[in-house]
Structure formats: C-alpha cells, structure tokens
Enquirer: 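One structure coming up, written as structure tokens, with questions to follow.
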Amino acid sequence: MKLGFGLYSHMLNDEHYKMARQLGATHIVAHLTDYFHKSDTGSDDQPLGTIDKGWGIAKETSVWSYEQLISLKDEMAKFDLELEALENFSPAFWYDILLDGPKKKEQFENLKILIRNMGKAGIPIMGYNFSLAGVAARTIGPYARGGAISVGMEGISEAVKAPIPKGMVWNMVYDENATGGFLETITHDELVNRYKEFLSQLLPIAEEAGVILALHPDDPPIKEMRKQPRMGYHPDHYKDVMQFYNSPNHRMELCLGTLSEMEDSNVYEALDYFAKNNKIGYIHLRNVKGKVPTYKESFIDEGDMDVERIMEILKKNDFQGVIIPDHAPQVSTQTPWVTGMAFAMGYIKAMMDSSKKEIKAN
Ligand SMILES: [Mn+2]
C-alpha cells in the first residue's frame, strides 16, 4: 500500500506538492474542478462544501487535454510525486449523461477523449460519483474532539428533502440561466440504467486505454437525497453495482468513512470483500462516529473505525494501491485545514508503516 494526498485544483502548485511530499505522500489524487466555497467556514484553506444552493459553477467547456494532463504530471514529478488519479469529472462534462439529456451523446464522446488522454498520459485512475444530488445536506459544527469543526448529519433535515433546481447537478450549477423549477424525481431503476449505459460506453475505452474507472459511494448514504434515488446506501449494494459490468477496470473509489456511515454496515467485511475481489481503485480514509441519519466526522483516531484493523485487512489482501486521507476536522490554528490533514497523514502513515513490519515471535 502507498500513501497519497488529495489536492484540490487551486492547490495544484509547487507549494502544495512540497507539503504533500513532506507529509509522506508518494502519490497525488488531483481534483481539476473545485467544488466548494472558500468562505464556508471563514477559513481560506478549507474545502468544505455545505451550501445547498450549490458549491460553485462548473466552468470548463472542454475536457482536459493530453497536454494539460502531462504537464500536471510532470510538475508534480519534480517533487517525487506520482499522479495516481483524477477525482471527479467536472459536472459541465457530463450533466446530460447523469440527467439523460439532449447532449448525452456528445458528452460521452468527450469523456472518451478524456479517458484516452489519461491513458496516453499514464494516469491510472479516474474517480467519480455517479449521482444526481451528490454530496448534500450535511451539517457543520464543533463535532470532533476539543470542539474541532467537522461535518455530519443531524437527522433528516429540510435540506435532505429540498428538490434540485434545474441547471444544477451533483451540487454544482452548470447552467446559470436555467428556468423551469426542479428536476423530476427518477426511479432507482432509471438511475441504474443510466449508470449501465455509462459503463457500456466508457469501460471498453478505459480497458483499451489502461485506465481504471473508480466509483465513489453516495455520501451521505441514504436511500433518497433531494428527491432523487441514490445508487446505493449499503456496502452490499455496491457489491452488486460492481457486477453491472465486471471488469478489472471497474472498481470502487472506496470511501471507508462513507461505508462506516451506512446503516447496518460492517466496514471490515466490506473492505475485505472489495480488496479480495480486486475492486479497489484507491481508498479514501477518514473516521466517523455514528451512522446515517445521525453521524459526525471525527478525527482519524477517535471514530468508530479501528484504523489498525483496516490496515491488517489491506495487508492480508496484499493491497498495492493508494490510500489518501479524506476530509479531516479543522484544527484551531492559522491553517485549520492543513493542520487537520497533517494530523491525519501522520496517523495513517504510522499505522501503515507498522502494518508493514513483520511481527517476529521470540
Ligand atoms: Mn470520500
């Protein structure tokens, strides 16, 4: 296993590459689309999206080019960092794939170009979340140790039930001028059909290009969010989803915090299953207390999940992929996000290093 670090698009620069390397990362997961309001929490370095009217505007007009990707990869290579994955398509690239709209065909062709560009640039994994509502309706508060600010859910709030306005998908606005009210509610079967079409269009290309498509589970994992179905809200649902198109290039962007939030879930059993069946693209690791609809994100060492046990399972299954810390509570300093992430990195690195040591009997 390898330690990575996720960087948001405004952090894709030398300063943050140095930071990631100094904190022990050898690999980077890069977001090329930012999806948050910096002002959310009064902290300039805190990428936490909590505003239900949307996290921002999807501005990209064309998919990321080979030149753009290779220069990104080369830039971080100067700091001994490998670009392991891109996380999230810009909603502007694929809103009509998610919504079954008129530009679907054109958008599939563009995503194919993107996957081929990634293959050519040698970027192994594309992470995404096939979801209409995306991450939504979380609350924010002093939930973690010592009153550190983190996110969570406090029951089924009005925000959970608020329908999605037209012109928005996956918590981002792709058309500022859209009118006509709200997205129509679709059935779970309809969502599954859209995802199956996505797989049948893109997986053959991904296989050819040597790129892994990695699906993030819906977060928060509840049956219905903003009047739209979720692909799944239990680890077993995602075992089935992986079988929609069983290919070594179809895997999970396995978010252990999300699995832990799921009702009646056993995160260890699920992790063992996905690891054993080679269904992990890369891992998001964070800790959490409680399960939906009432849970709080915690520091990595204080939640429900035993990180040492996570490492044992990964070691037993000889997991060779990358683990990145997911979100972390903010620590009260000048740089709340950086400090929170640095704490998570240190803890994960120690657990990882210790799991790699052979235990010798006397
Ligand atoms: Mn995650």
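Please read all numbers here as calculations on a predicted model, not as lab measurements. Counting convention: from 1, in listed order, for ligands and their atoms alike. Residue numbers start at 1 and run along the sequence shown.
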Enquirer: Is it the case that Lys279 and Tyr238 place a side-chain donor and acceptor less than 3.5 Å from each other?
Expert: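 No, no side-chain donor-acceptor contact under 3.5 Å.
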Enquirer: For Phe299, does the six-membered ring have the charged nitrogen or CZ of Arg145 within the cation-pi criterion, i.e. under 6.0 angstrom from the centroid and within 45° of the normal?
Expert: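 Because its charged atom sits under 6.0 Å from the ring centre and within 45° of the axis, Arg145 does stack over Phe299.
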Enquirer: What about the rings of His31 and Tyr8, do their centers lie closer together than 6.0 Å?
Expert: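 Aromatic pair counts; centres sit under 6.0 Å.
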Enquirer: Does NZ or CZ of Arg194 fall inside the cone over Phe130's six-membered ring, less than 6.0 Å from its centre and within 45° of the axis?
Expert: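 Here Arg194 fails the 6.0 Å and 45° test against Phe130.
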Enquirer: Using the six-membered ring wherever Trp is involved, compare the ring planes of Tyr233 and His237 and label them parallel, tilted or perpendicular (cut-offs 30° and 60°).
Expert: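 If you compare the ring of Tyr233 with that of His237, the planes turn out perpendicular.
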Enquirer: Kindly assign one of parallel, tilted or perpendicular to the pair Phe89 and Phe198, based on the angle between their ring planes and the thresholds 30° and 60°.
Expert: perpendicular
Enquirer: Which count of protein N, O or S atoms is obtained for distances strictly below 2.8 Å from the Mn ion (ligand 1)?
Expert: 4
